[in-house]
2 protein chains.
Amino acid sequence: MFQPPSLASLPPGESLTERTYEVLRNAILRNQFPPGTALSVPRLARELDVSRTPVREAVQRLIYEGLATHESHRGAQVNVVDIEDLRQLYLVRELLEGLAARLATERLGADDLVELRRILSDHEDVLAVDGDNSAHIELDMRFHRKLRDIAANAHLTATLEPIAGRSHLALHSLWRTDDAPRLALKEHERIVDAMVTGDPELAEEAARQHVSRLRVRLAQSTPRAQGSAQIAAANGKAGGAHG
Amino acid sequence: MFQPPSLASLPPGESLTERTYEVLRNAILRNQFPPGTALSVPRLARELDVSRTPVREAVQRLIYEGLATHESHRGAQVNVVDIEDLRQLYLVRELLEGLAARLATERLGADDLVELRRILSDHEDVLAVDGDNSAHIELDMRFHRKLRDIAANAHLTATLEPIAGRSHLALHSLWRTDDAPRLALKEHERIVDAMVTGDPELAEEAARQHVSRLRVRLAQSTPRAQGSAQIAAANGKAGGAHG
DNA sequence: GACCTTCATTTTACATGCAAATCAGGGGAC
DNA sequence: GTCCCCTGATTTGCATGTAAAATGAAGGTC
């Protein structure tokens, strides 16, 4: 059910805890561990072939970051994000993405612009193939991560990263309309356009509108049984591919 | 140097890790562990009379929260916040405190108002005695924490709490002018006044201005050797009590 | 005195041991 | 069929063991 990415695939320079954390985080954000999945420390330790200590520390980090929840003596499980959560989440995210776009505009370099455009172009390619929601989410994450990088404000990054993570986690279960990815890409392009004009306020507003519209679109999405479907999918094995 | 608060003083319902975390966090925010202080896990474990595991986990939490920093194989130390850090920090904090005030205004109940006014009144009392910067910081924290509570947005709280923690950490080393506490209190009162009018936008603006002015005041403060004094105090052992 | 080198101490990063809590899954009792 | 209790397996929360890295003091050389 979960091909052990085996850790070996990761930068061996880092600590085991760090690498374990990356593996688990990616698995969650790629929906390989859907919301509701239990994160048993001994089990993961066996599967990843490390001791329990690094796994425990990685799981705690996921908890602090809000990708997992914890109940006393009952362990952790991948967070289930419901509509109300998302509403509150996007209220915060709107401000922070706006700030990121504003700061990024002030510091935008030629290289950065090239990289941003490459992401947009990759994103277009992915949407052309269509149907692949995971690839869309991946590109969406790359775009927003790049914005944070350009903004170069360590506190903003540290603050926004977990927020963005939780948002993207929710996307797997809550996206609905098929044109949402296309709308998102259009809005990304608008943000970049605003940044190119060199007007920070404009970029901020474009980014805020983007998040605000995401929120509206997600709120309108059929709330198809708030993740209970996910939990079922997680408990019953995800074997049947096209369930 | 550090009277072991011994953990026993804390809610015995919680886990050891949780209680250890609270003890360390309070010690840092009260400047009992000034910036630069090394957080040696075995040493703290001895002093607090618990095993190393809960201490290690508590320290990691402080690191994720940004109250401590970590260097590979060299352990953690209490974060040193410099002026540039603070500038970036307050840019983020301004937005989030604004949001908190806006949401709090929409949900303000009679009890909440009583509590807020009580905090303001306690704050006045403390400033009347004067000279006690720690008490001012404590009341400042209480005020902003209460605002977050009233706002009742879990994601905002989770996001703003570490930011506020780091801000308050910096206050111990970077406050300067003697009238800063009084100005802060005045601005708190303005925020509450705005909330009472029931106008969320006004409250948001008042809160943003408060943070923005804090930033300016802190930036103007004599940067008295960015915490190096603190580091010296921390390294030389504070053994001789009144060293 | 300035600069190495060595060696003991401490600490980190990870592994493992273990009591107590929780959960899964049968039987019975009704 | 439903409720309840029991039992065994698993897991959490904490404690402890330990190799390798980092630190620091002592001593030797120039």
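Below, chain A is the first sequence line, B the second, and so on; all start at residue 1. Source: prediction; values computed, not measured.
Here the P atom of nucleotide D:dA15 and the CG atom of B:Leu48 are 11 Å apart, to the nearest Å. Computed from coordinates, the A:Glu14 CD to C:dA13 P distance equals 12 Å when rounded to whole Å. Look at CG on B:Leu16: it is 11 Å from P on D:dG13, rounded to the nearest Å. A:Arg52 places its CZ atom 14 Å from the P atom of D:dC14, with the value rounded to the nearest Å.
Near DNA chain C, meaning a heavy atom under 4.0 Å away, the residues from residues 56-73 of chain B are B:Arg56, B:His70, B:Ser72, B:His73.
Side-chain contact check for B:His144 versus B:Arg93: some heavy-atom pair is nearer than 4.5 Å. Under the 4.5 Å side-chain criterion, counting only non-hydrogen atoms from C-beta, B:Leu62 is not in contact with B:Asn79. Looking at A:Leu218 and A:Leu171, their side chains come closer than 4.5 Å, going by heavy atoms from C-beta outward. Here the side chains of A:Arg19 and A:Val23 are not in contact, with every heavy-atom distance at 4.5 Å or above. Contact of the A:Glu57 side chain with the B:Arg56 side chain is registered, since non-hydrogen atoms from C-beta on lie closer than 4.5 Å.
For residues 59-86 of chain A, every residue pair satisfying the ring-ring contact (aromatic ring centres under 6.0 Å, His included) rule, not counting sequence neighbours, is listed here: A:Tyr64-B:Tyr64.
Using a 3.5 Å distance cut-off with no hydrogens or angles, the side chains of B:Tyr21 and B:Glu14 do not pair a donor with an acceptor. A donor-acceptor contact closer than 3.5 angstrom links the side chains of A:His188 and A:Asp140.
Taking 3.5 Å as the limit, the base of C:dA15 and the side chain of A:Thr53 contain a donor-acceptor pair of atoms between them.
Taking 4.0 angstrom as the limit, B:Thr17 places a side-chain polar atom (N or O) nearer than this to OP1 or OP2 of D:dC14.
Distance alone, capped at 3.5 Å, places no donor-acceptor pair between the B:His123 side chain and the B:Ile119 backbone.
With sequence neighbours left out, the side-chain hydrogen bond (donor to acceptor under 3.5 Å, both in side chains) criterion links B:Arg142 to B:Asp122. Not counting sequence neighbours, the partners of A:His155 by the side-chain hydrogen bond (donor to acceptor under 3.5 Å, both in side chains) test are B:Asp85, B:Arg166.
Comparing the end axes of the helix from C:dG1-D:dC30 to C:dC30-D:dG1, each fitted to five base pairs by superposing C1' atoms of four pairs onto the next four, gives an inter-axis angle of 10° (nearest 10 degrees).
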List, with names and distances, any nitrogen or oxygen atoms from the protein found under 3.5 Å away from nitrogen or oxygen atoms belonging to nucleotides 9-11 of chain D.
unit_1	atom_1	unit_2	atom_2	d
D:dT11	OP1	A:Ser40	OG	3.0

